[in-house]
Structure formats: structure tokens, C-alpha cells
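Notes to accompany the following structure.
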Amino acid sequence: AMLESLAQRTGMLVTRTKSGTEYLETLNRIKIFVSADIGMNEFMIKNFEAMACGCVLLAYDQGAAENQALGLQDMQNVVFYQDIAQLQEKLARLRSEPQLAQSIARNGRELAVNQFSFARIGQRIVEELEPALRPRAPLSLLERIRLNLGV
């Protein structure tokens, strides 16, 4: 409903696609992706897919903690909104300042590719598993006796 309302107010086209090739081709064709993930307290993967394809992502502000954890910065690599009026205002600015839109899209793509690709996420998991485990606590007297007895 939010996207339909926005389309009526701004002339944007609301597009629905099938997953896979059709979705990828659509993302590669559009310049601005408006996410309607309102009140979810997290960003869905489609947002990062749009960024990776070079779209300017207009996303509902999920909160400072989530934004900071993901490296998302308003008007730097993403455009946040908190209501339709703010979304319309920022959309108008992007339309009137194409260089700003291009810069945000470029920065968003760089963030998505460098931080959220499957290869990078896999690498980060491996990095988190690399540090040595903490030293084992000393065995108690009972544990030492059981170990010596093989019980």
C-alpha cells in the first residue's frame, strides 16, 4: 500500500517480478529502489541486492544500531526515510541532483559488494573462527581421578 501511494504521488513505477533472472534484469535496469520493509527492525536481502546492482536504495530507517552495524550512512551509501513525506522530499532531491544520486549508488554498490557478498561473508565467518579457544579450566580433583581411572 505504501508503494502504491508513493507511485501515485511521485509518478514512480511499482514493479513486481519473479525471482531469478527477471528480478536481476529489473534491478540492473532501474536507478532507484524503494524498499517498503517498514517496522521490520532489519534490512531484507533485496535491499543489498539492489545496492549491488547499482541502485540508489531508499530504505525505511531501521534504527541507529542496525544502520551502524551494517555500515549504512544516510545520503552517503543509502537514503533513509521515516515517513512518506520524508521519502518524497529525498526523492525530489535525488531527482534534482543526479550527481548526488550517482554518488550514493556508487558508494552503496561498493559497500554491498565489499561487505555483503557471499564470498566476503564466508571470509568473515572464517576470520571469527580463527582465534584460539580460551585455555581449558584446570581439572578438579574429582575430574583428575575419573580421568586416571578411565571413567
Side-chain angles (χ1 to χ4, degrees), residues 1-139 143:
M2 188 278 292
L3 291 175
E4 294 297 336
S5 173
L6 181 64
Q8 289 175 358
R9 296 175 190 201
T10 65
M12 290 186 80
L13 176 66
V14 175
T15 303
R16 290 175 178 82
T17 66
K18 295 178 185 173
S19 296
T21 303
E22 182 181 348
Y23 180 62
L24 177 62
E25 289 172 353
T26 300
L27 287 178
N28 283 317
R29 190 177 62 248
I30 64 175
K31 302 234 184 277
I32 296 176
F33 183 92
V34 179
S35 173
D37 299 338
I38 298 174
M40 298 185 74
N41 298 322
E42 65 182 3
F43 295 97
M44 303 301 286
I45 193 166
K46 63 185 173 187
N47 296 310
F48 302 102
E49 291 168 341
M51 291 170 75
C53 287
C55 300
V56 174
L57 173 65
L58 278 83
Y60 182 78
D61 189 346
Q62 302 292 348
E66 181 79 0
N67 302 341
Q68 185 177 12
L70 295 171
L72 299 173
Q73 299 175 336
D74 188 33
M75 302 305 288
Q76 298 296 315
N77 54 22
V78 67
V79 178
F80 288 130
Y81 67 88
Q82 294 186 348
D83 55 40
I84 293 283
Q86 186 180 43
L87 193 157
Q88 285 180 275
E89 175 187 310
K90 289 186 173 184
L91 180 59
R93 182 173 176 201
L94 293 173
R95 286 177 167 171
S96 69
E97 298 179 41
Q99 285 82 11
L100 175 62
Q102 289 172 353
S103 175
I104 294 169
R106 184 176 49 254
N107 293 340
R109 183 178 189 288
E110 184 177 313
L111 176 71
V113 170
N114 292 336
Q115 295 300 319
F116 305 117
S117 67
F118 287 121
R120 179 61 184 129
I121 290 172
Q123 180 184 11
R124 288 171 53 192
I125 290 170
V126 169
E127 289 168 0
E128 290 298 321
L129 295 173
E130 282 180 348
L133 299 174
R134 67 178 181 261
R136 182 178 178 175
L139 296 175
E143 290 170 326

Could you measure the distance from the [atom1] atom of [X] to the [atom2] atom of [Y]? Nearest 0.5 Å is fine.
X: Gln102; Y: Gln99; atom1: CD; atom2: CD; answer: 6.0 Å
X: Gln82; Y: Gln62; atom1: CD; atom2: CD; answer: 10.5 Å
X: Arg109; Y: Asn114; atom1: CZ; atom2: CG; answer: 9.0 Å
X: Glu89; Y: Ile84; atom1: CD; atom2: CD1; answer: 13.0 Å
X: Cys55; Y: Lys46; atom1: SG; atom2: NZ; answer: 13.0 Å
X: Leu58; Y: Gln88; atom1: CG; atom2: CD; answer: 11.5 Å

Problem set entry | Other residues, nucleotides, ligands: >12 heavy atoms within 6.0 Å of Glu110 CD |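 Check fails, neighbour count at 12 or below.
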
Exercise. Heavy-atom count around Leu129 CG within 6.0 Å, excluding the residue itself: above 12?
Worked result: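 Yes, because the 6.0 Å sphere around CG of Leu129 holds more than 12 heavy atoms from other groups.
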
Shortest non-hydrogen contact from [X] toward [Y]:
X: Ala112; Y: Ala52; result: CB-N, 3.7 Å
X: Gln73; Y: Asn77; result: N-OD1, 2.7 Å
X: Ala101; Y: Val56; result: O-CG2, 3.2 Å
X: Gly71; Y: Leu111; result: O-CD2, 3.7 Å

Exercise. Mind checking whether Phe48 and Leu57 have side chains closer than 4.5 Å, heavy atoms only?
Worked result: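 They are not in side-chain contact.
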
Exercise. Do Phe43 and Asn67 have side-chain heavy atoms sitting under 4.5 Å apart?
Worked result: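 A side-chain contact under 4.5 Å exists here.
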
Distance-only, no hydrogens or angles: does the [X] side chain make a donor-acceptor pair with backbone N or O of [Y] under 3.5 Å?
X: Asp74; Y: Phe80; result: yes
X: Thr26; Y: Glu22; result: yes
X: Asn28; Y: Glu25; result: no
X: Arg124; Y: Gln115; result: yes

For this session: Evaluate side-chain contact (heavy atoms from CB on, under 4.5 Å) for Leu72 paired with Met51, printing each intermediate quantity in order.
Result: CA-CA 11 Å; Leu72 299 173; Met51 291 170 75; 4.0 Å; yes

For this session: Given side-chain contact (heavy atoms from CB on, under 4.5 Å), test Leu94 with Ile104 step by step and report yes or no.
Result: CA-CA 9 Å; Leu94 293 173; Ile104 294 169; 3.9 Å; yes

Exercise. Can you list the residues that meet the salt bridge (charged side-chain N to carboxylate O under 4.0 Å, His left out) rule with Lys31, with sequence neighbours excluded?
Worked result: none

Problem set entry | Evaluation steps, side-chain contact (heavy atoms from CB on, under 4.5 Å), between Phe33 and Asn47 | CA-CA 8 Å; Phe33 183 92; Asn47 296 310; 3.9 Å; yes

